[in-house]
Amino acid sequence: MQHKSPSQTLMLDVCDDSNPLSVFLGNPSLKSSYEYYCSVQWRGFKQEKMRQWNLGLYLHTIDNAIGQLRQFNPQNGGYIYIPWNIDGNRGLRATGIISQSVDKEKHWFLNIGTNVSLNRSVDFANTKTTADFYKSIVHNLHVSPNAGIDYRYSKWHASFKASADWERLTSAQEGFETLSQVDFLYTISLNAPLLFSIDLNTDMNLFMRRGYSNRAMNTDEWVWNVNLSRCIDKRKAWLLKLSAHDLLGQLSAVRRTLNSQGRVETVNNTITRNIMLHIIWKFNKKASKK
């Protein structure tokens, strides 16, 4: 159980009307929130096949969560916002991961996992030009399977991984449009020693987004990253590293996601395509003997 007290700024009995169309009020009657968690896990490992697994089931619920109540102001056509306690937020999540070698020499490893969650998100809503408000209840089903294979031999390491991230949002409220979309990610990576004691670390990624009503969000992006590194002294304390990100220049600077209430959010990143030269100094300091 976790106890969270509301922010003191939300409990001040003040009115912020610096913007007449968006007036924010405090709420001295706010109660503390209580989050309850319950989980069960089963882990195991078998040495002969290098097999390990992890199964988990997690449940959480929140009492007196703090939502944002919005009321229409008929006097000027704006809205009044008030923090208010609300109940009904809860979720259930199940996870499963298994990994093991698939050959006698233990060079090849298979990894399979999945994550399934069902969340019930409750907040206040007001989509009409009235002072009335109601609870916005949205159910979010989230399924994330993944599978991959690794090859390890000496200083060589190659891998392939495929994953999907499917999300479906539904609600019985009027005017809510059911949302269902899936993101795919395919990754091929390689770590290998080269000539002149240079180490190569490279990966090629394909990001695919499908099912979005906005066609601009259904994209395919190839992203290639390369790192070259070399120790430049005998003690291997100094490392020279050259990093190149998004060599193909296809990674979008705008990412679009969905929150628990089904609203689209846009996050802007900076400089997705770049090359950087690093000089790294590694040092270990031993404790002096008394």
Side-chain angles (χ1 to χ4, degrees), residues 95-99 102 107-117 140-169 179-230 239-260 262-280:
T95 63
I97 301 173
I98 184 170
S99 173
V102 292
H107 294 320
W108 293 91
F109 289 84
L110 180 65
N111 307 293
I112 300 175
T114 189
N115 187 329
V116 180
S117 63
N140 187 337
L141 175 61
H142 197 174
V143 182
S144 304
N146 65 82
I149 189 165
D150 292 81
Y151 175 78
R152 299 183 179 94
Y153 179 74
S154 185
K155 294 183 179 180
W156 292 76
H157 180 203
S159 67
F160 171 76
K161 182 179 180 181
S163 63
D165 193 354
W166 178 65
E167 195 170 15
R168 179 178 174 85
L169 282 74
L179 302 173
S180 178
Q181 68 280 325
V182 58
D183 296 347
F184 298 97
L185 172 60
Y186 302 94
T187 302
I188 298 177
S189 63
L190 174 66
N191 294 348
L194 302 181
L195 298 175
F196 308 108
S197 300
I198 297 176
D199 292 324
L200 169 68
N201 181 355
T202 182
D203 58 82
M204 177 69 78
N205 306 274
L206 173 59
F207 296 93
M208 301 174 61
R209 297 164 65 89
R210 296 292 185 269
Y212 294 85
S213 57
N214 184 352
R215 293 184 178 180
M217 297 176 67
N218 296 312
T219 59
D220 294 338
E221 298 174 355
W222 288 93
V223 181
W224 183 24
N225 305 311
V226 178
N227 294 316
L228 295 173
S229 60
R230 185 185 188 279
L239 181 70
L240 190 65
K241 182 178 179 180
L242 180 65
S243 302
H245 301 279
D246 190 21
L247 288 175
L248 303 180
Q250 294 189 17
L251 185 61
S252 174
V254 179
R255 310 305 299 173
R256 299 174 176 89
T257 58
L258 298 175
N259 64 10
S260 58
R263 305 186 183 100
V264 177
E265 301 174 343
T266 302
V267 179
N268 296 317
N269 290 332
T270 58
I271 311 179
T272 59
R273 191 180 190 185
N274 60 79
I275 297 178
M276 297 184 65
L277 180 64
H278 310 261
I279 299 179
I280 303 171

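- What you find for Ala158 and Leu190 is that their closest heavy atoms are CB-CD1, 4.1 Å.
- Residues passing the side chain to side chain donor-acceptor pair (under 3.5 Å) test with His157 are Asp150, sequence neighbours excluded.
- Partners of His278 under the side chain to side chain contact (heavy atoms under 4.5 Å, CB included) rule, at least two apart in sequence or in another chain, are Lys241, Ser243, Met276, Ile280.
- In this view, Phe196 satisfies the ring-ring contact (aromatic ring centres under 6.0 Å, His included) rule with no residue, not counting sequence neighbours.
- Looking at every heavy atom in both residues, Leu239 comes nearest to Ser229 through CD1-CB, 4.0 Å.
- The backbone N or O of Leu247 lies less than 3.5 Å from a partner atom in the side chain of Arg273, making a donor-acceptor pair.
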Verify side chain to side chain contact (heavy atoms under 4.5 Å, CB included) between Thr202 and Trp224, making sure each step is shown before the conclusion.
CA-CA 8 Å; Thr202 182; Trp224 183 24; 2.8 Å; yes
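- For Arg210, the side chain to side chain donor-acceptor pair (under 3.5 Å) partners two or more places apart in sequence, or in a different chain, are Asp220.
- When the side chain to side chain contact (heavy atoms under 4.5 Å, CB included) test is applied to Leu195, no partner is found at least two apart in sequence or on another chain.
- Of all non-hydrogen atoms in Ser252 and Thr272, the two that sit nearest each other are O-CG2, 4.0 Å.
- Each of Thr114, Ile112, Val116 was evaluated against Pro145; a single residue qualifies, Thr114, per the side chain to side chain contact (heavy atoms under 4.5 Å, CB included) test.
- In this structure, Ile279 places its CD1 atom where only 12 or fewer heavy-atom neighbours from other residues, nucleotides or ligands lie under 6.0 Å away.
- Within a 6.0 Å radius of CG in Leu141, more than 12 heavy atoms belonging to other residues, nucleotides or ligands are found.
- Not counting sequence neighbours, the partners of Asn218 by the side chain to side chain contact (heavy atoms under 4.5 Å, CB included) test are Tyr212.
- For Asn205, the side chain to side chain donor-acceptor pair (under 3.5 Å) partners two or more places apart in sequence, or in a different chain, are Thr187, Asp203.
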Test side chain to side chain contact (heavy atoms under 4.5 Å, CB included) on Leu240 and Leu228 and set out the steps.
CA-CA 8 Å; Leu240 190 65; Leu228 295 173; over 6 Å; no
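- Across all their heavy atoms, Asp165 and Ser144 have their closest contact at OD1-OG, 3.2 Å.
- Looking at residues two or more places apart in sequence or on another chain, you find a side chain to side chain contact (heavy atoms under 4.5 Å, CB included) between Gln250 and Trp222, Leu248.
- Take Trp108 and apply the ring-ring contact (aromatic ring centres under 6.0 Å, His included) test, not counting sequence neighbours, and it matches Tyr151.
- Here CD1 of Ile149 is found 9.0 Å from CG of Asn111. Values are rounded to the nearest 0.5 Å.
- Taking 4.5 Å as the limit, every side-chain heavy atom of Asp199 sits out of range of all side-chain heavy atoms of Asn227.
- Taking CZ of Arg168 as the reference point, atom CD of Gln181 lies at 10.5 Å (rounded to 0.5 Å).
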Is there a side chain to side chain contact (heavy atoms under 4.5 Å, CB included) between Asn201 and Asn225? Walk through the geometry before answering.
CA-CA 8 Å; Asn201 181 355; Asn225 305 311; over 6 Å; no
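- Heavy atoms only, all atoms of each residue included: Arg230 and Ser197 are closest at CG-O, 3.4 Å.
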Kindly determine whether Glu167 and Leu179 satisfy side chain to side chain contact (heavy atoms under 4.5 Å, CB included), including the steps that lead there.
CA-CA 8 Å; Glu167 195 170 15; Leu179 302 173; over 6 Å; no
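- Checked against side chain to side chain donor-acceptor pair (under 3.5 Å), Ser180 has the following partners two or more places apart in sequence or in another chain: Trp166.
- Thr95 and Asn115 share no donor-acceptor pair across their side chains, judged by distance under 3.5 Å alone.
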